[in-house]
Each structure stands twice: as structure tokens, then as C-alpha cells.
There are 2 protein chains.
Amino acid sequence: MDLSSFASLVSFVSTHNEFFVAFVHCRIRYSGRAEAELDWGDRMIVLKQDNALLIHQPVNGNPINYIKPGAHISVFREEGCVIIEGAHPQTNDVVLCEVSSVYDAMSRRLEDGRKQLLAGTEADMSDYIRDNPQVISSDFTPLSREEHTKYGFIDVFGHDKQGTLVIVECKRYAASLACVTQLRRYVEKMKELRGTDNVTGVLASPKITPNAQAMLSDWGFSWARVEPPKRLLINRHQKTLADW
Amino acid sequence: MDLSSFASLVSFVSTHNEFFVAFVHCRIRYSGRAEAELDWGDRMIVLKQDNALLIHQPVNGNPINYIKPGAHISVFREEGCVIIEGAHPQTNDVVLCEVSSVYDAMSRRLEDGRKQLLAGTEADMSDYIRDNPQVISSDFTPLSREEHTKYGFIDVFGHDKQGTLVIVECKRYAASLACVTQLRRYVEKMKELRGTDNVTGVLASPKITPNAQAMLSDWGFSWARVEPPKRLLINRHQKTLADW
DNA sequence: TACTACATCTCGCAT
DNA sequence: ATGCGAGGTGTAGTA
């Protein structure tokens, strides 16, 4: 595709909200929260229907450059190149992509109103703990879950049979030092605002790192092994698709 | 493009490491660290040269489904559809994408060995503070920076004229409660290992939230306003590109 | 709008 | 391989 046609197409899709993709040779500059530059190479440029701009190198999962949805797209036809500028009015990020060759490009209006259903999140874990409090301890009684309080956002809150308040923090992955300090912050805030020391914390996660376990013990908190529940089950060992 | 050609093309590019993009109508299932399903709709499927699989809806910056680089790609030609399976051997993630229509597709080998140069990171901030210690305080003397010690990863470490040890934690954005607890953890570990209470902390960032400032004060720590330095300057207000 | 915390976070580095 | 922390993190939820 010649550069002038490319320039026209980019202008068209950005104003008509079509999905656009191209393989190009380009170099890139970025300025905003940081400053970056990327020398000449082959990349994929994507312009989405909400004017998100993504530039991908041939490898790696993440875009090497991007502007979030809501970009203002400008196209400049220069001598021997086309410059695409994506500028985000809110974040003050600007990407300049100087394109010298266009290998291939395509655009189309895509229709998709679906949202993904997801299971196995931290919220699913706190649901599970509320319904199965014995996974925390035999005498744990939950009172609330997922509550935004002045103590912070507490995943599960309850008490034990001795009347000690118990704050449960859920993590869907191996709990680290940062998770322990988060829990500690909630417990301390609760102690301060209730004017009592009779508050403890439980970290619920599938795993915990040794340092995190040590810090947890130092603070008199405990760990409960809990797996994030996954309700939408696909048999992971079944490589064929007979039952779909 | 008909489904059989599509199936052949996907098989080809995944074994020959070409960059592949298609606009399709599909539904998706994911199983791995979580479970997800996404009903029929129009999407862009991307297969990169390192066998990263990305599926984008028409809007939003991030892929709605993905497998990280290194996926094993399988293609199944079924009655009325093609199923693309991306399975990652290390992470045990599996994405199944059932494609019923292919609107457009393109593939090509892209060549790009360039790496992006980036300025304005947290490491740049700690460099700047070491070279300009007065931004922390008039009597701060830096001793080391970016040190992986047994106390943790300390951005800048030094002392003041009274001999108090000072741990500086840099953040390139508005410092939050989590940043304060991170600093607090380093200070406490340092106190413990040095056997002294004569240790304090400084949070260096362009902004700080009110709650974080309050917690910082509670712990006797202080805040220094520091901007992340950006060396690769583009004039943000200059919308044309004369000087590039 | 600002603040908080999750995320299939991803990624790199060091142990 | 695991632990730890940064990221142009992005995104959702709430005040």
C-alpha cells in the first residue's frame, strides 16, 4: 500500500470508528509519563474503535507503545513518510509513529457487545470463605465481606468464639510481604478506631512465601490455605473439544 | 476468507513464525489461573512470531484473552467452524477460540531487533537523588543507591548530619498508602538488623495522597517532592514535527 | 475527580 | 525455579 493511501485510510478509520491494523516499517517517539524512543523496525499498528492506539513488535506479549482509548489521532503526510500522532487529552501522553513503508493493512467495523464471564477472582474467594468459614478456622464466624469501611477495603470480616475480631485478606496467588503489610494496615486501623487490641488478621491464599510467613507470625497473624474457586470448569487435561 | 484456508494459514504461521492478524466472529473459553468464557462476537486475533496469542475486542486497551509468548498452537477444522487452541506449557493456561467467520486476515514475517530507550523511570529518580541529595534535605548524604541488600531493595540509602540512617523510597507517581508501608517495612528491617532505632524514612515522589501523608507523619517519616527526570525531551506542546 | 486495590497483571533481576 | 518490586502498569469501584 502506498503512503498516501495509508494516510487517507488512517484518517478515515479514526473518524469513522473502524478497527484498523497494519504491518509497517516505522520508528516511534513517546512523551508523557515517561520519554521513550524506538528506532526503525517492522511493527504492527492497531487502531481500535474507541481510538486506542497499540504498536506491537514481532515478539513479546505487550505493546511496545500505546495510547489508551480516547486518543486524538492526527495524520501527517510528509516527504517519504507518514506520521501518525496519537495524543491523549487526559493523560498528556503523545506517541509519534513515523511510517516509511506499509506492507499490508486492513480495516473493518467490528460488532461485539459481549462481556467476559470470569471465575476465580479474589471476590470469588471471599464469597467462598463467607460460605465455608471453616477454611479459616474451626471457630471463625464471618460477619461481612467485600466491605469498603473506614478501616479500608476488607475482604472478609468476622470474629472467633473468644470475641476476637478477625480480618481476612484474600490473595489468589502466592502471598508476599506486601500482602502482609496490607493486612497489618487494616488490623492496626481497626484497633485504633475501635480502641482495642483484640483484633487479629488472617491471610487466605493458595501459597505464601517464607518471608511473608515469618512476618505474619511476627505479628501474631495466621495463614489459611485457600484456593480461588473456579466455577466455569474446563477439563484442563482434555486437549480435544468433544464436550464443548 | 473461507474457514479451511484460515485453518491452513494459522497452522502455517504458527510453525513458520510469521506475524498473523485476522478479523473474525468467534467465541472463547479460557482455563488456567482463572476460568472465563466470552460469547459470540467480532474480534481481532493476533498470533505473534514468538507464538504469543492475543484476542482483542473492538474496544479497550488490553486483550480480552491471551496466552503469553511460547504458546503451543493447535488448529482444529470442525463442522462450520475452526477452533484455535493456544496452550502454554509452563503456565498451564489454555485458550480455545471457536471461529465461525473470517472477515479478513493477513500475515507476514516482520524484522525488528530494536529495543526501546526509556527515561523517567524510578531508577532515573534514584540516580537524580544521589547526584542532587539536597532535594531530600539540606543535610542528607547519600551512601548507595539501587541496592539489593538483605534489608530489601533500597532505592537510596544514606545518613543526615546527626548520624541518623535515612532510607529513601522513590515513586514516579503519586505515593499511596502501599508506598508508605513499603518504606516502613524497610525501615523496621534496618532497625532490627542494625540493632538501633536511629533510622528514618523519606518518600520521594511528585505527589502524595492525603492518607499516605498522614500515615507517613504518624511514623515520623517525611516526604520530598521530586519529579522523575526525563532526558529524552519532546516538546509536548509542539504538535508538528519539524525538529525530528 | 481522586484514591484504593485487583489483575489470567507482565516483566526483569537477583538469589 | 522462586522471591521481590517496578510498570508509561490498566481497570474497576467508590467516595
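- In this structure, H88(A) places its NE2 atom 12 Å from C1' of dG10(D), rounding to the nearest Å.
- Side-chain N or O atoms of N60(B) include none that pairs as donor or acceptor with a backbone N or O of N62(B) at under 3.5 Å.
- Across every non-hydrogen atom of P133(A) and F140(A), the tightest pair is CB-O, 3.5 Å.
- Here N211(A) lies in heavy-atom contact (under 4.0 Å) with sugar-phosphate atoms only.
- In this model, a donor atom of one side chain and an acceptor atom of the other lie less than 3.5 Å apart for Q213(B) and S217(B).
- Within a 6.0 Å sphere centred on CZ of F157(A), other residues, nucleotides and ligands contribute more than 12 heavy atoms.
- On the P atoms, dG8(D) is 22 Å away from dA5(C), given to the nearest whole Å.
- Ring orientation note: the planes of H56(A) and H56(B) are nearly perpendicular, at an angle over 60° on the 30°/60° scale.
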Write out a two-atom table: protein N or O, nucleotide N or O from nucleotides 10-14 of chain C, distance below 3.5 Å.
{"unit_1": "dT10(C)", "atom_1": "OP1", "unit_2": "R33(B)", "atom_2": "NH2", "d": "3.0"}
{"unit_1": "dT10(C)", "atom_1": "OP1", "unit_2": "Y66(B)", "atom_2": "OH", "d": "3.1"}
{"unit_1": "dT10(C)", "atom_1": "OP2", "unit_2": "R33(B)", "atom_2": "NH1", "d": "2.9"}
{"unit_1": "dT10(C)", "atom_1": "OP2", "unit_2": "K68(B)", "atom_2": "NZ", "d": "3.3"}
{"unit_1": "dT10(C)", "atom_1": "O3'", "unit_2": "N62(A)", "atom_2": "ND2", "d": "3.4"}
{"unit_1": "dC11(C)", "atom_1": "OP1", "unit_2": "G61(A)", "atom_2": "N", "d": "3.4"}

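- The two atoms that bring V95(A) and Y30(A) nearest to each other are CG2-CD1, 3.8 Å, heavy atoms only.
- In this structure, E147(A) places its CD atom 11 Å from P of dA15(D), rounding to the nearest Å.
- Distance NZ (K230(B)) to C1' (dG7(D)): 14 Å, rounded to an integer number of Å.
- Rounded to whole Å, the P atom of dC4(D) lies 23 Å from the corresponding atom of dT8(C).
- With 3.5 Å as the limit, one finds no donor-acceptor pair spanning the side chains of Q49(B) and N17(B).
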Salt bridge (Lys or Arg N to Asp or Glu O under 4.0 Å) assessment of E227(A) paired with R225(A): CA-CA 7 Å; E227(A) 298 284 337; R225(A) 183 193 170 92; 3.3 Å; yes
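- The two atoms that bring Y173(A) and S205(A) nearest to each other are O-CB, 3.6 Å, heavy atoms only.
- Considering only side-chain atoms of V95(A), the nucleotide from dG7(D), dC6(C), dG8(D) that sits closest is dG8(D).
- The aromatic ring of F153(B) is not stacked on the base of dG5(D), since the criterion of ring centres less than 5.5 Å apart with planes inclined by under 30° is not met.
- Remark: S176(B), L177(B) in residues 170-190 of chain B come within less than 4.0 Å of DNA chain C through at least one heavy atom.
- Note on I64(B): a base of the nucleic acid sits closer than 4.0 angstrom, heavy atoms only.
- Between Q213(B) atom CD and dC3(C) atom P the separation is 12 Å, expressed in whole Å.
- Note on E169(B): only backbone sugar-phosphate atoms sit closer than 4.0 angstrom, heavy atoms only; bases stay farther off.
- Within the 4.0 angstrom heavy-atom criterion, only backbone atoms of the sugar-phosphate kind lie near T121(B); the bases stay farther away.
- Checking the phosphate oxygens (OP1, OP2) of dT4(C), a side-chain nitrogen or oxygen of T209(B) falls inside 4.0 Å.
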